[in-house]
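Here is the structure we will look at.
This one's a predicted model, so the numbers in the text were calculated from it and none came from an experiment. Within every chain, numbering begins at 1; the chains are lettered A, B, ... in the order of the sequence lines, protein sequences first and strands thereafter.
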Amino acid sequence: MYGLADCNNFYASCERVFDPSLVGRPVVVLSNNDGCVIARSNEAKRLGIKMGDPYFQIRDLARRNRVAVFSANFALYGDMSHRVMSLLRRYAPTEVYSIDESFLDFSGMEGIDFDAQGHEIARTVRRYTGIPISLGIAPTKTLAKVASKLCKQYPKLGGCCFMHRPQDIEKVLRRFPIGEVWGVGRRYEKLLTTHGIATAWDFTQLPPQWVQAKMSIVGLRMWKELRGEACIGFEEAPADKKRIATTRTFAHDTADPEEVHRCVAQYAAVCAEKLRHQHSLCGEITVFILTNRYRESAPQHYESRLRKLSVPTDSTLELTQHAAQLLRSIFRTGAAYKRAGVILSDLRPKTGVQTDLFDPTDRLRHDRLMQVMDRMNGMYGRYKIVTAAAGTEFFTMNRNHLSQPYTTDWEHITRVKCTR
DNA sequence: TCTGGGGTCCTAGGACCC
DNA sequence: TCTGGGGTCCTAGGACCC
């Protein structure tokens with residue numbers, strides 16, 4: 001049996017935990033740069049605010065309806081996520097699937113009262129963190145996802161839905177829109193509905209050969225999972241990333257090569273730090289730049305360039321240098337850039353590296369420098385120590401509605417006043 | 001004025017090798 | 001009448017996820 005614990009409207013709920021006056025009020029959280037809506041409380045959903053809506057388009061609506069608006073505070077959400085996940089881990093092995101979702105592996109626990117246990121888990125998480133969750137429990141991961149969605153739809157379920165008897169599953173799937181199934185995106189939804197498949201149940205009645213032909217092996221797996229055959233594995237240990245990217249939209253369009261250069265150097269530095277964090281080296285680096293696609297009258301330019309490195313590295317110094325050179329080779333004078341990014345790929349574990357006989361870089365010195373830099377940044381806050389290429393003028397982002405780092409900074413810990 | 005960011009997996013087709 | 005065939009690696013593109 002698998003569980004899927006999904007935090008309800010996670011970012012919005014995090015903001016609410018630290019400001020209870022927001023309970024009952026619509027809340028939205030915006031992406032970097034305060035660009036788009038990336039989380040909404042139920043009240044905000046009811047106002048018709050959609051995921052990905054540009055903020056400027058809903059600003060008036062938000063104002064009229066006293067919507068509480070927040071800039072994304074990922075430090076806070078990451079920390080809250082850890083708290084939730086560590087509570088879940090008390091009950092079963094967990095596979096952290098995303099910042100707000102975790103699978104639980106209940107195999108070997110057959111015979112326990114899953115319904116009671118599930119409600120207990122949901123209550124505990126709520127009590128200890130303030131975050132409401134929807135826990136679906138079912139024979140496969142895909143069905144657990146369905147059950148979790150059911151919880152959200154029916155608050156009466158009390159945060160947990162245990163779904164295991166074939167007749168119950170059939171009843172649920174017959175009313176479950178195909179487009180809401182885990183693994184069915186816009187394209188597959190369209191394909192399936194044009195073939196008369198409206199619900200998850202219809203899908204399970206298709207011939208498997210057809211499913212595989214149209215939707216590849218992934219579709220077939222989904223088909224089996226919905227029919228109760230578990231075929232998506234459970235991975236407790238998070239796998240190393242296969243690529244690491246840092247990409248940002250700028251606060252404003254810019255044609256200034258120096259400004260773009262600073263940003264790209266900083267993205268490369270952030271990538272390198274992530275890379276060292278997972279103890280990997282990269283064999284490839286890509287830089288891309290992009291003009292503002294919404295400004296159609298202006299000249300458009302997108303270009304990306306990849307460089308294979310003769311010796312894999314995790315050094316900020318090297319990677320910022322490569323990034324700068326790649327950028328220079330693609331930067332077009334006169335174009336107003338809106339967005340840039342650095343992507344590291346061909347990642348491999350740091351142990352057992354093939355070195356280059358003619359390698360001019362003193363890698364041991366680089367390593368020691370990087371260690372000191374990471375340690376100091378860990379102690380004194382991120383990006384206190386940076387390389388000259390990245391500069392001290394950190395890339396600017398519009399974050400006009402930022403909440404406090406309540407749980408990650410002593411200065412901002414919530415004060416509780418006791419009155420007798 | 002103002003439109004996010006970071007990932008994964010699968011498949012088809014071309015290049016290349018023997 | 002009729003061009004060999006099978007394997008591997010790489011890349012681009014498409015689909016999806018949160």
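- Here A:Asp53 lies out of heavy-atom contact (under 4.0 Å) with every strand.
- Heavy-atom nearest nucleotides on DNA chain B were determined for A:Arg293 and for A:Lys241, and the one closer to the 5' end corresponds to A:Arg293.
- Minimum atom distance to the side chain of A:Arg59 is reached by B:dC2, of the listed B:dG6, B:dC2, B:dG4.
- Residue A:Arg339 places no side-chain N or O under 4.0 Å from the OP1 or OP2 atom of B:dT3.
- Side chain of A:Thr246, nearest nucleotide from C:dC18, C:dA15, B:dG6: B:dG6.
- Following rounding to the nearest Å, A:Leu290 (CG) and B:dG4 (P) show an atom-to-atom distance of 10 Å.
- Residue side chain A:Tyr294 meets the stacking definition with respect to B:dT3: its ring centre sits within less than 5.5 angstrom of the base's six-membered ring centre, and the planes differ by less than 30 degrees.
- A:Ile99 comes within 4.0 angstrom of nothing in the nucleic acid, heavy atoms only.
- Residue-level contact check: A:Val181 touches the backbone only, with heavy atoms under 4.0 Å from sugar-phosphate atoms and none from bases.
- Only the C1' atoms considered, B:dC16 is 16 Å distant from C:dG4, to the nearest whole Å.
- For A:Gln212 and A:Pro54, each mapped to the nucleotide of DNA chain B holding its nearest heavy atom, the one lying further toward the 5' end belongs to A:Pro54.
- In the displayed structure, A:Phe234 atom CZ is contacted under 6.0 Å by more than 12 heavy atoms of other residues, nucleotides or ligands.
- Residues A:Leu290 and A:Lys338 have side chains not in contact (no heavy-atom distance under 4.5 Å, counting atoms from C-beta outward).
- Between A:Leu347 atom CG and B:dG6 atom C1' the separation is 13 Å, expressed in whole Å.
- Remark: C1' of C:dA15 and CH2 of A:Trp182 are 15 Å apart, rounded to the nearest angstrom.
- The phosphate of B:dT3 has neither OP1 nor OP2 within less than 4.0 Å of any side-chain N or O from A:Ser31.
- Pair check for B:dC18 finds C:dG5; Watson-Crick or G-U wobble, both atom distances under 3.5 Å.
- Distance from the side chain of A:Asn292 is smallest for B:dT3 among the nucleotides C:dC18, B:dT3, B:dG4.
- Among the atoms of the strands shown, none is found under 4.0 Å from any heavy atom of A:Lys141.
- Here A:Glu284 does not pair with A:Arg243 in a salt bridge; the nearest charged N to carboxylate O distance is not below 4.0 Å.
- Of all nucleotides listed (B:dG6, B:dG4, C:dC18), C:dC18 comes nearest to the side chain of A:Asp100.
- The interatomic distance linking A:Phe288 (CZ) with B:dG6 (C1') rounds to 11 Å, in whole Å.
- Dashed line: the shortest gap from a side-chain N or O of A:Arg295 to OP1 or OP2 of B:dT1 is not under 4.0 Å.
- When atom types are taken as modelled, the side chain of A:Asn33 and the backbone of A:Gly35 share no donor-acceptor pair closer than 3.5 angstrom.
- Between the CG atom of A:Asp60 and the P atom of B:dT1 there is a distance of 14 Å, rounded to whole Å.
- When atom types are taken as modelled, the side chain of A:Arg248 and the backbone of A:Ala340 share no donor-acceptor pair closer than 3.5 angstrom.
- Relative to the side chain of A:Arg243, the nucleotides B:dT8, B:dC2, C:dC18 differ in distance, and B:dT8 lies closest.
- Going from atom CG of A:Leu30 over to atom C1' of B:dC2 covers 11 Å, rounded to whole Å.
- Within the 4.0 Å cut-off from OP1 or OP2 of C:dA15, not a single side-chain nitrogen or oxygen of A:Ser216 is found.
- Among the protein residues, A:Lys214 comes within range of no part of the nucleic acid, since none of its heavy atoms lies under 4.0 Å from any strand.
- The phosphate of C:dA15 has OP1 or OP2 within less than 4.0 Å of a side-chain N or O from A:Arg187.
- As rounded to whole Å, 17 Å separates atom P of B:dC2 from atom CG of A:Asn32.
- Within the structure, every side-chain polar atom (N or O) of A:Arg221 is placed at least 4.0 Å from both OP1 and OP2 of B:dC9.
- Between A:Asp346 and A:Arg348, at least one side-chain nitrogen of the basic residue sits less than 4.0 Å from a carboxylate oxygen of the acidic one, meeting the salt-bridge criterion.
- Residue A:Lys145 has its side chain nearest to C:dC18 when only B:dG5, C:dC18, B:dG7 are considered.
- Residue A:Lys338 is classed as a sugar-phosphate contact, given heavy-atom separations below 4.0 Å to backbone atoms only.
- A salt bridge is defined here as a Lys NZ or Arg NE, NH1 or NH2 lying under 4.0 Å from an Asp or Glu carboxylate O, and A:Arg83 with A:Asp79 meets this definition.
- Put simply, CG on A:Asn73 is 16 Å from P on B:dG5, counting in whole angstrom units.
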